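Here's the structure, in structure tokens; my notes come after.
Keep in mind that what you see is a predicted model, and the values were worked out from it rather than measured. In listed order, ligands and their atoms are each counted from 1.
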Amino acid sequence: MTDHLVDAHAPRDLRAFIAALPKAELHVHHVGSASPRIVSELAARHPDSRVPADPEALSDYFTFTDFAHFVEVYLSVVDLIRTPEDVRLLTYEVGRELARQQVRYAELTVTPYSSTRRGIDERAFMDAIEDARKAAEAEFGTVLRWCFDIPGEAGLTAAEETTRLATDDRLRPEGLVSFGLGGPEIGVPRPQFKPYFDRALAAGLHSVPHAGETTGPETVWDALTHLRAERIGHGTSSARDPKLLAHLAEHRIPLEVCPTSNIATRAVRTLDEHPLKEFVRAGVPVTVNSDDPPMFGTDLNNEYAVAARLLDLDERGLAELAKNAVEASFLDEAGKARIKAEIDAYTSSWLAA
Ligand SMILES: Nc1ncnc2c1ncn2[C@@H]1O[C@H](CCC(=O)c2cccc(C(=O)O)c2)[C@@H](O)[C@H]1O
Ligand SMILES: [Zn+2]
């Protein structure tokens, strides 16, 4: 948990505006959203784990030397989730935290393979996330949807298993809307996953792979060409290829930008070097997201504050950014219109006050 990353530069009133702004979150990982309280509770329950049970010690534990180290630590947290009740608790608490930040709609990236291969029954896993989704919507008013992602480094066995879980009518959860690909990119070429994405897309899911987070723009091209990506997770290195930027702009392919994540995993050196502004300048649709917020010492509100600074946004600019995420989401048109109207009404009343 890298506290020093928290953006303290945004003026206090802009932070207050962001805190109550209705938002959508499109790139946030299920296990990566476990709060320090939940992580330490689970670590205390499972003392054989090397994850510290003391929330204070988590801050050091969540300081990463590079992307590979991040994935290693991430998997140690995955190892703490051992029962369907752990899955339900985690999911419900993520819903609570999103609601606290006025997130009205979130697409949560879930990696079912990591849980089923650790022995959690697949039916019980689906029931746990669905039960938590319904409870979060009823109790907090936040709508959750799922993106099932293949952990790329785990290979084609993981791809097959994830595709089966996402497309089998007897298992596939009602809240599932999209299909993704996460984990390291180096040594994990995207084209090998084409047959799995083909099956998921044929089953009506949207394609949202990570690409260009830790490798160059050619990976983003691969995600577009072979995986038929409709949005790109991160896409950071797209900034190095003007033709790619033009393609993303022309075809209205949004990037799910997660600025603090890119610093914490050392994919980008400093926030000031982050290419967010170049994406906007090139006309690429951008959304701002939190990725694995407690692990990166951030939350969605903080990512909006970071974006306000990098893009020099005022309240209206921040409202547009929030509407970008709604527009880029897989909500139906009526749902999108409802949240966008809420954003407009909130912004007008804030500016009139
Ligand atoms: N910023 C991120 N960028 C990319 N991915 C991210 C990001 N944040 C979180 N993730 C998650 O990291 C996991 C990686 C897990 C993985 O590769 C793996 C390898 C071998 C075995 C197993 C297993 O479970 O047995 C898992 C993925 O599940 C993905 O959802
Ligand atoms: Zn991610």
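Judged by distance alone, the side chain of H210 and the main-chain N or O of L181 form a donor-acceptor pair under 3.5 Å.
The neighbour count for R338 CZ, taken as heavy atoms of other residues, nucleotides or ligands under 6.0 Å away, does not exceed 12. Under a cut-off of 6.0 angstrom, the local environment of CZ in R118 is crowded, with over 12 non-hydrogen atoms contributed by other residues, nucleotides or ligands. Enclosure of atom CD in E174 is not indicated, since only 12 or fewer non-hydrogen atoms of other residues, nucleotides or ligands lie within 6.0 angstrom.
At a cut-off of 2.8 Å, measuring from the Zn ion (ligand 2), the protein N, O or S atoms that fall short of it are H27 NE2, H29 NE2, H210 NE2, D291 OD1, waters left aside.
For ligand 1, the 4.0 Å heavy-atom shell takes in H29, F67, F70, Y74, L75, T111, S114, R117, R118, D149, P151, E153, A154, G182, G183, P184, H210, E213, H234, D291, D292, ordered by chain and residue number.
Salt-bridge annotation for R252 and E327: absent, with no side-chain N of the basic residue lying under 4.0 Å from a carboxylate O of the acidic one. In summary, E303 and K23 do not engage in a salt bridge, as defined by a charged side-chain N under 4.0 Å from a carboxylate O. The residues R281 and E278 are annotated as not salt-bridged, no charged nitrogen and carboxylate oxygen being separated by less than 4.0 angstrom.
A cation-pi contact, defined as under 6.0 Å to the ring centre and within 45° of the axis, is absent between R172 and F148.
Each of T65, T214, D292, T63 was checked for a side-chain contact (heavy atoms from CB on, under 4.5 Å) with F70, and the lone residue meeting it is D292.
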